[in-house]
A.B. asks: 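Okay, here's the structure, questions in a sec.
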Amino acid sequence: MSFGGFDLNSDIMYLKGVGPVRAKALNKLGIKTFYDFLTHYPRAYEDQCSITPIDELVLGEVAMVEGHLSNIRVRHVRHKLTVINALLGDDFDYVQLVWFNQEYLAKTLHPGQRLVVKGKVTETYGAGEMYSIQVQTYEVLDEGEDPEEGMFPIYASTGNLKQKFFRTAMHNLLDRMPELEDELPREIVKRHDLMPYDQALRSIHFPFSQYEIDEARHRLAFEELFLIQCGLLMIKKQMQDDQLGIKHEPNGELMAAVLDALPFKLTNDQRSTLEAVTLDMESERPMRRLIQGDVGSGKTAVAMLALVKTVENGNQGVFMAPTEILAVQHYEKFKALLEPLNIRIGLLTGKVTRTKKNREAAYEAIANGKFDIVIGTHALIEDVVEFKQLGLVVTDEQHRFGVTQRAALEKKSERCPDMLVMTATPIPRTMTLTVYGDLDVSQIKELPPGRKPIKTMVKRKASRRRVYEFVMDELDRGRQAYVVCPLVEHSESERLEGVLSAEEVFDELSNGMFSTVDCALLHGKMSSKEKDDVMERFRAGEYRLLVATTVIEVGVDVPNASVMVIEHADRFGLATLHQLRGRVGRGGTESYCILLSDTKSDAGKERLEIMETTSDGFKLAEEDLKLRGPGQFFGEAQHGLPDLKIADVFRDLGLLYEAREAAEKFMRDEKNLAEHADLIKKLSIAYGEKFVSVQNV
Ligand code: ADP
Ligand code: MG
């Protein structure tokens, strides 16, 4: 966007006061352009500072005073130290002003000027009762002008960028910036009673009152949410409304045969989800649906049936899993059930593509339609992978794939394939809109029958030995066990006193109590080949005890694992603990999750107690959100959407709904898109490739 030669996209290098060193520091904060700088909103404001009469100054405090200037003196105290002194007088008293090493000021300060000054009150050497103020900031006022009793912004910074730099540079930028036009349609601004954009930007940085901050924040948060919703709706529109999808026929014999071959009856939630999926697939519009459900709730079973449906219609289906091990596991399950019914299943993972021969054979079989269903990992996205006729794309998201990657898979077909996303991240209903606003949502809440709930217990470290004896008993019964630690190795933990790392715990257990047991270590610093190898052997039962970090969160199904011990459990979020816990209780036996923690914080204790009493992932996610705030929650979820700069989906929920509604209305009218091209362009400035790459697919 360019306004009379002023370009918001200009490199931050061109901002007054920014040289290469500061530019680099700003880059580190993610600030590359003027726009980034402008939207580097204050993280807080310094308390409002009001004018103190000079005879009421208190020694040692920072104060703001106002008065007329006199007795300006410049003194060269010694080499490299210049002091400017002056007197400032109000109606009742005088104070001495002190500036160090700012000789250039001598030219701009004149007796008789009206000044408002902020600084620390100190004693004055040899001047009896009169205090001094070491000036931090000052402003020259015209006669009759009211002093700015504003609030001072505080910016998130790195060590070497001072607040003063941000304030000065921001002032410079705002001074140079012509009045920005409001890009939100006028009727939206009016209907939602929003502060004009230009004013909001200026106010958020240099407000005069809390009221002004609130109004500015409201406007900017609305705009942010509105833009994101427009972006998501645009994706949905391009991928759905504007494209002809594949119209599947009603279920036939093959579907009936597979449903018949299933070793269980679908739960009610599975059935209603499958019904929604079926309707979507039989419509001409491409399906864009999210299935949300806890680990083990039976999402994969529904996805498999959808894949069969597309095969029955003469198409291929693809299933993308987040890890190689998971892909192999699904592959084996699908094969066992579907190959007897003449459905051919293929596998495409990093391992398969490692040798030229396997790779080419797989690509060939996919391209000529020899495989009906292809299960794989990221390897499926590669450009060389071509399908004969892709009818359905399933991604098992487990919060690993972003919007962009989903789109890459859809590109692989001339007609737009149907799409199903599965996630076990229990995002509260209230948040699905920001994270998955481009998808329709089905939830599976009910677990398949016969599941024994996992017994969760919080134990203090004092009982650690007894806990591990219990684990030993389970191993003696032929079961397997997980031990989860928050850190990988010792060096990391040195800062965090007393926290055991996975390596330490592994050494301790495998050389101590469990020296007669085959133990293994698994963590994120291992290569994926090493990880796969360890996981595979644990699954096969070669290893009985697995010490790991959260890498097993997105792990495999080991029905024989009946107990999990989580060390320093208070260091994990509830969502993570819940995901981890889902690794046990996958067989028919009684399973246990033991949370070790000596936390003294009430919030920490409360969190762990919730784990003991609740097994509902959605409820846990909501509690987590309440206890830790959305920043933490989102940080962990890696949802693949742009970070929110000012809105807060928890606090601004009402605003989110308002913005969604406004965006829906706005996007419905073609005319709007043409008329407000700048707004759409802003989406790309604000969120870069996040949305743009999707649009260009
Ligand atoms: P998710 O994909 O949600 O983790 P899965 O579909 O993999 O869940 O199901 C988990 C386990 O439960 C699998 O072993 C599956 O065979 C089984 N299962 C799925 N649906 C049912 C059902 N309705 N009744 C009994 N068992 C089921
Ligand atoms: Mg699964």
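Indexing begins at 1, ligand by ligand and atom by atom, following the structure's order.
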A.B. asks: Of the side chain and backbone of K265, name the one, both, or neither that has a heavy atom under 4.0 Å from an atom of ligand 1.
C.D. replies: backbone
A.B. asks: Pick from V467, I594, V483: which one makes a side-chain contact (heavy atoms from CB on, under 4.5 Å) with E567?
C.D. replies: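 In the set V467, I594, V483, the residue that makes a side-chain contact (heavy atoms from CB on, under 4.5 Å) with E567 is V483.
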A.B. asks: I need the atoms of ligand 1 closer than 4.0 Å to a non-hydrogen atom of K333, numbered in the order shown.
C.D. replies: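 Answer for ligand 1: 13 (C), 14 (O).
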A.B. asks: Would you say P448 and ligand 1 have an N/O pair spaced under 3.5 Å apart?
C.D. replies: no
A.B. asks: Mind checking whether D294 contacts ligand 1 via backbone (N, CA, C, O), side chain (CB onward), both or neither, at a 4.0 Å heavy-atom cut-off?
C.D. replies: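 Looking at D294 and ligand 1, just backbone atoms fall under 4.0 Å.
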A.B. asks: State the atoms of ligand 1, each with its element, that fall below the 4.0 Å cut-off from a heavy-atom position in T267.
C.D. replies: 23 (N)
A.B. asks: May I ask you to test the N315-H248 pair for a side-chain heavy-atom distance under 4.5 Å?
C.D. replies: yes
A.B. asks: Below 4.0 Å from ligand 1: does a non-hydrogen atom of M422 turn up there or not?
C.D. replies: no
A.B. asks: Is any side-chain N of the basic residue among R344 and D372 closer than 4.0 Å to the acidic one's carboxylate O?
C.D. replies: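 Judged by the 4.0 Å cut-off on N to carboxylate O distance, R344 and D372 do form a salt bridge.
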A.B. asks: Could an N or O of ligand 1 be found under 3.5 Å from any N or O of A301, whether backbone or side chain?
C.D. replies: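 Between A301 and ligand 1, an N or O pair is found under 3.5 Å apart.
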A.B. asks: Looking only at distances, please establish whether an N/O atom of ligand 1 is found under 3.5 Å from an N/O atom of G298.
C.D. replies: yes
A.B. asks: Inspect the contact between R539 and E332 and indicate whether a charged nitrogen and a carboxylate oxygen are less than 4.0 angstrom apart.
C.D. replies: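 Yes, E332 and R539 are salt-bridged.
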A.B. asks: What residue pairs, at least two apart or across chains, pass ring-ring contact (aromatic ring centres under 6.0 Å, His included) with a residue in residues 257-306?
C.D. replies: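 Sorted result for residues 257-306: empty, none.
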A.B. asks: Once the angle between the rings of H330 and F319 is folded into 0 to 90°, is it parallel (under 30°), tilted (30 to 60°) or perpendicular (over 60°)?
C.D. replies: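 Judged by the thresholds at 30° and 60°, the geometry between H330 and F319 is tilted.
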A.B. asks: Side chain to side chain donor-acceptor pair (under 3.5 Å) with E542: which residues, sequence neighbours excluded?
C.D. replies: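 Checked E542 against side chain to side chain donor-acceptor pair (under 3.5 Å); matches are R537.
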A.B. asks: Taking only non-hydrogen atoms of G296, do any sit less than 4.0 angstrom from ligand 1?
C.D. replies: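 The answer is yes: ligand 1 sits under 4.0 Å from a heavy atom of G296.
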A.B. asks: Can you tell which part of L266 has a heavy atom less than 4.0 Å from ligand 1: side chain, backbone, both or neither?
C.D. replies: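 Backbone only.
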